[in-house]
Amino acid sequence: MLGWFGKRFVVLALVLVTGGHWALLQTVAWVRMAVSYSQESTLREALVKTFDGQHPCQLCKVVRHGERAAQNKDAPKPITKLDLFLGAKQVTLFSSLRLPFQINSIAPMTSRRDAPPTPPPKSVLG
């Protein structure tokens, strides 16, 4: 069972992995901006100026840059997928059951019509 330190470490790791540190920094920036702007004008005007996006502070710029960098770094890379099935049109398993299990695929199955070579080819290694 995790102790006090272990639980705190897991919570901190989850916050960092999910990008919670950017939300925390943005919250700190908004509080600082609201306090700073409220000293010059009313609280309503300070809150409007804080959240309108037209007056970002230095910490807001750092957070925006950091979030963009994290999104670019975490962008999924294209996955090259190997299709291991040759493409049977329909395969029925357990046909004696009332509700057969069917596997449908997209590509039609092609079969070879030519006969095997006669006589068999000789081995190159032998």
Side-chain angles (χ1 to χ4, degrees):
M1 187 167 176
L2 292 175
W4 179 87
F5 179 75
K7 290 178 185 177
R8 299 301 191 276
F9 180 76
V10 169
V11 169
L12 178 65
L14 287 174
V15 167
L16 292 175
V17 166
T18 59
H21 57 291
W22 296 120
L24 180 65
L25 282 174
Q26 186 63 61
T27 303
V28 169
W30 283 334
V31 169
R32 288 178 54 199
M33 289 169 59
V35 169
S36 173
Y37 293 146
S38 67
Q39 292 174 352
E40 302 167 0
S41 60
T42 65
L43 180 61
R44 179 185 169 121
E45 291 172 358
L47 291 177
V48 168
K49 198 172 178 182
T50 298
F51 295 111
D52 67 357
Q54 302 298 321
H55 307 91
C57 67
Q58 189 61 32
L59 188 54
C60 289
K61 293 175 184 176
V62 168
V63 169
R64 186 180 311 143
H65 178 71
E67 285 178 337
R68 286 184 184 160
Q71 286 175 352
N72 290 340
K73 185 176 90 172
D74 294 339
K77 296 175 182 162
I79 299 173
T80 56
K81 184 178 176 184
L82 297 175
D83 191 9
L84 301 178
F85 298 101
L86 292 177
K89 285 187 177 180
Q90 186 175 29
V91 175
T92 304
L93 301 177
F94 307 112
S95 61
S96 63
L97 298 175
R98 290 185 179 180
L99 298 173
F101 178 75
Q102 296 178 345
I103 300 172
N104 296 321
S105 68
I106 298 171
M109 187 161 98
T110 59
S111 61
R112 295 184 62 171
R113 303 259 185 236
D114 54 333
T118 333
K122 296 190 179 198
S123 174
V124 179
L125 300 176

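Everything quoted here is computed from the prediction, not taken from an experiment.
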So do [Y] and [X] actually touch side chain to side chain, heavy atoms under 4.5 Å?
X     : Y     : answer
Leu25 : Val62 : no
Pro56 : Arg64 : yes
Lys7  : Val11 : no
Met33 : Cys60 : yes

Are [Y] and [X] connected in a single hydrophobic cluster, I mean Ile/Leu/Val/Met/Phe/Trp/Tyr linked by side-chain heavy atoms less than 4.5 Å apart?
X     : Y     : answer
Trp30 : Val63 : no
Phe51 : Leu43 : yes
Trp22 : Val28 : yes

Next on the checklist: How close do Ala34 and Ala46 get, counting heavy atoms only, and between which atoms?
Outcome noted: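 In terms of heavy atoms, the two residues are closest at O-CB, 3.8 Å.
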Item to check | Closest non-hydrogen atom pair, Lys49 against Asp52 | outcome: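 Answer, listing the atom of Lys49 first, then Asp52: O-OD1, 2.9 Å.
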Distance from [X] atom [atom1] to [Y] atom [atom2], nearest 0.5 Å?
X     : Y     : atom1 : atom2 : result
Gln26 : Leu24 : CD    : CG    : 10.5 Å
Leu12 : His21 : CG    : NE2   : 10.5 Å
Leu14 : Phe9  : CG    : CZ    : 10.0 Å

Checklist entry - Is the side chain of Thr18 donor-acceptor paired with the backbone N or O of Val15 at a distance under 3.5 Å, no angle test? => result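 It does hold such a pair.
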